[in-house]
Amino acid sequence: MERTLKISKIKDGTVIDHIPAGKALKVMTILKMDDRTTNSVSIGIRVPSGKMGQKDVIKIENRDLEKFEVDKISLIAPEASISIVKDYEITEKFSVELPTRLIGTVKCHNTECITNLKEPVSSDFLLISKKPIVIRCNFCERNMNEKEIISSL
């Protein structure tokens with residue numbers, strides 16, 4: 001007996017697909033989606049995927065993503081794809097890309113970094129490595145790995 005998982009289509013909004021299994025809730029946190037959210041949201045966690053084995057999927061009705069949100073998602077789910085849906089049809093689809101520079105996106109883990117000392121300075125990181133993800137603070141020159149990055153988002 002074949003079983004299929006069905007997550008209903010959305011009329012208008014955004015679909016975030018190919019999220020690594022188990023990371024959908026972190027993506028929801030990045031998007032500041034909580035119990036006060038009025039948009040309809042469908043989440044598939046650890047759904048079968050031919051490409052990934054298992055993956056997470058998020059469908060958000062009537063919501064477009066900002067560039068800084070896509071940049072943050074790329075740090076958690078560098079293989080993710082984003083589809084824009086209008087009247088039940090995908091009108092645009094693209095893969096997230098790790099930006100080479102992240103300004104004001106990630107908080108530096110160095111408590112002595114100028115960006116953490118109540119100065120009017122935004123964090124500024126350079127992408128050092130894509131696999132594994134490593135970024136370097138342009139102020140204190142501290143490297144941050146994927147685990148540190150995820151905890152600072």
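- Side-chain contact between Lys93 and Ile82: absent, with no pair of heavy atoms (C-beta onward) separated by less than 4.5 Å.
- When all heavy atoms of Asp12 and Asp87 are compared, the pair lying nearest together is OD1-N, 2.8 Å.
- Smallest separation of non-hydrogen atoms from Val106 and Ser152: CG1-OG, 3.0 Å.
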Derivation and outcome, salt bridge (Lys or Arg N to Asp or Glu O under 4.0 Å), residues Arg46 and Asp56: CA-CA 5 Å; Arg46 299 190 191 287; Asp56 291 357; 5.9 Å; no
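- Going from atom CD1 of Ile135 over to atom OG of Ser129 covers 11.5 Å, rounded to the nearest 0.5 Å.
- Contact record, Ile30 with Glu69: CG2-O, 4.2 Å, taken as the closest heavy-atom pair.
- Between Asp71 atom CG and Leu65 atom CG the span is 11.0 Å, to the nearest 0.5 Å.
- A single hydrophobic cluster is not seen to contain both Ile16 and Val57; linkage of ILVMFWY side chains at heavy-atom distances under 4.5 Å, directly or through other members, places them apart.
- Inter-residue side-chain proximity for Leu153 and Leu75 is flagged as met; some heavy-atom pair is nearer than 4.5 Å.
- Contact between Cys137 and Cys140 at its shortest, heavy atoms only, is SG-N, 3.5 Å.
- At least one donor-acceptor pair closer than 3.5 Å links the side chain of His109 to the backbone N or O of Glu148.
- Cluster membership for Val15 and Ile60, using ILVMFWY side-chain heavy atoms within less than 4.5 angstrom, is not shared.
- Other residues, nucleotides and ligands contribute more than 12 heavy atoms inside 6.0 Å of the CD atom of Gln54.
- Taking hydrophobic clusters as Ile, Leu, Val, Met, Phe, Trp and Tyr residues chained together by side-chain heavy-atom distances below 4.5 Å, Met144 does not share a cluster with Phe139.
- Under a hydrophobic clustering in which Ile, Leu, Val, Met, Phe, Trp and Tyr are joined whenever their side-chain heavy atoms come within less than 4.5 Å, directly or via other members, Met33 and Val96 fall into the same cluster.
- Between the side chain of Asn39 and the main chain of Asn62, a donor-acceptor pair closer than 3.5 Å is present.
- With hydrogens and angles disregarded, no donor-acceptor distance shorter than 3.5 Å links the side chain of Thr91 to the backbone of Lys86.
- The residue from Lys23, Lys130, Lys26 that alone fulfils the salt bridge (charged side-chain N to carboxylate O under 4.0 Å, His left out) condition with Glu146 is Lys23.
- Judged purely by distance below 3.5 Å, without hydrogens or angles, the side chains of Arg136 and Asn143 pair a donor atom with an acceptor atom.
- Nearest heavy-atom pair, Thr14 versus Asp64, reported as atom, atom and distance to 0.1 Å: OG1-CA, 3.7 Å.
- Going from atom CZ of Arg63 over to atom OG1 of Thr38 covers 10.0 Å, rounded to the nearest 0.5 Å.
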Yes or no on side chain to side chain contact (heavy atoms under 4.5 Å, CB included) for Leu126 and Leu102, after CA distance, side-chain angles and deciding distance? CA-CA 6 Å; Leu126 275 177; Leu102 297 147; over 6 Å; no
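- Ile43 and Ile10 sit in two unconnected hydrophobic clusters of ILVMFWY residues. Membership requires side-chain heavy atoms under 4.5 Å apart, directly or through other members.
- Side chain of Glu79 to backbone of Pro20: no donor-acceptor contact under 3.5 angstrom is found.
- When all heavy atoms are compared, the tightest approach of Asn116 to Cys108 is ND2-O, 2.9 Å.
- Here Ile103 contributes atom CD1 and Phe68 contributes atom CZ; the two are 14.5 Å apart, rounded to the nearest 0.5 Å.
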